[in-house]
Amino acid sequence: MGFKKDGCSELILLDSDIPVAVQVKRRLERKTESVSAIREFLGAALLRGHRRLIYATTARSYSDEAKTAAQQAVALSLVESYELINIEA
């Protein structure tokens, strides 16, 4: 989550006046992004009232558990959307 004072998000995008919380992680080792990072961002975002989330990482991939956690958050209507994005370093 970066610095503890960042309030859970690297930035907030506006999509038709609806905020989208975005977390960006640059991983020096391109390993798999863990479920704990996905859950941590979800919890922090929910506490701030965010319902649309994007998690972007330079990690090679997301663990199956991380993908499932993001999908479950949407299926349970905890959030409207939770996108997991891989970015090239």
Side-chain angles (χ1 to χ4, degrees):
M1 306 293 297
F3 294 103
K4 296 294 181 196
K5 297 179 184 177
D6 72 359
C8 89
S9 300
E10 301 292 335
L11 63 114
I12 303 294
L13 299 176
L14 288 178
D15 179 13
S16 300
D17 295 329
I18 300 171
V20 180
V22 180
Q23 181 72 18
V24 180
K25 292 294 183 184
R26 180 175 176 261
R27 302 297 185 194
L28 297 177
E29 295 182 23
R30 293 187 38 89
K31 295 183 178 181
T32 301
E33 197 68 60
S34 71
V35 67
S36 62
I38 301 310
R39 289 179 181 157
E40 182 179 3
F41 180 50
L42 173 64
L46 286 173
L47 290 173
R48 309 242 333 132
H50 297 298
R51 304 264 306 139
R52 293 184 180 185
L53 311 178
I54 297 173
Y55 193 105
T57 183
T58 59
R60 181 181 65 246
S61 63
Y62 290 89
S63 70
D64 290 339
E65 294 86 1
K67 293 174 191 175
T68 298
Q71 293 167 353
Q72 285 179 330
V74 175
L76 294 170
S77 298
L78 297 175
V79 294
E80 293 176 26
S81 64
Y82 198 152
E83 295 181 52
L84 304 179
I85 299 172
N86 291 92
I87 51 180
E88 294 295 321

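In what follows, every heavy atom counts, from backbone to side chain, and hydrogens, waters and symmetry copies are set aside. Note that the numbering runs from 1 along the sequence shown for the chain.
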**Q** F41 and I54: which non-hydrogen atoms are nearest, and at how many Å?
**A**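 Looks like CE2-O, 3.6 Å.
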**Q** Going by atom type alone, with no hydrogens or angles, which donor-acceptor pairs under 3.5 Å involve a side-chain atom of residues 78-87 and a protein atom two or more places apart or on another chain?
**A**
unit_1, atom_1, unit_2, atom_2, d
E80, OE1, R52, NE, 3.1
E80, OE1, R52, NH2, 3.4
Y82, OH, I38, O, 2.8
N86, ND2, A59, O, 3.0
N86, ND2, R60, O, 3.4

**Q** Tell me, with the steps shown, if T57 and Y62 meet side-chain contact (heavy atoms from CB on, under 4.5 Å).
**A** CA-CA 9 Å; T57 183; Y62 290 89; 3.2 Å; yes
**Q** As an exercise, state the distance from CZ of R39 to CD of E65, rounded to the nearest 0.5 Å.
**A**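 These two atoms lie 8.0 Å from each other.
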**Q** For A45 and L53, work out which heavy atoms get closest and say how close.
**A**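 Result for this residue pair: CB-CD2, 3.3 Å.
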**Q** Go through the structure and list residues passing salt bridge (Lys or Arg N to Asp or Glu O under 4.0 Å) with K31, not counting sequence neighbours.
**A**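 Checked K31 against salt bridge (Lys or Arg N to Asp or Glu O under 4.0 Å); matches are E29.
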**Q** Using side chain to side chain donor-acceptor pair (under 3.5 Å) as the criterion, list what pairs up with S34, not counting sequence neighbours.
**A**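 Applying side chain to side chain donor-acceptor pair (under 3.5 Å) to S34 gives S36.
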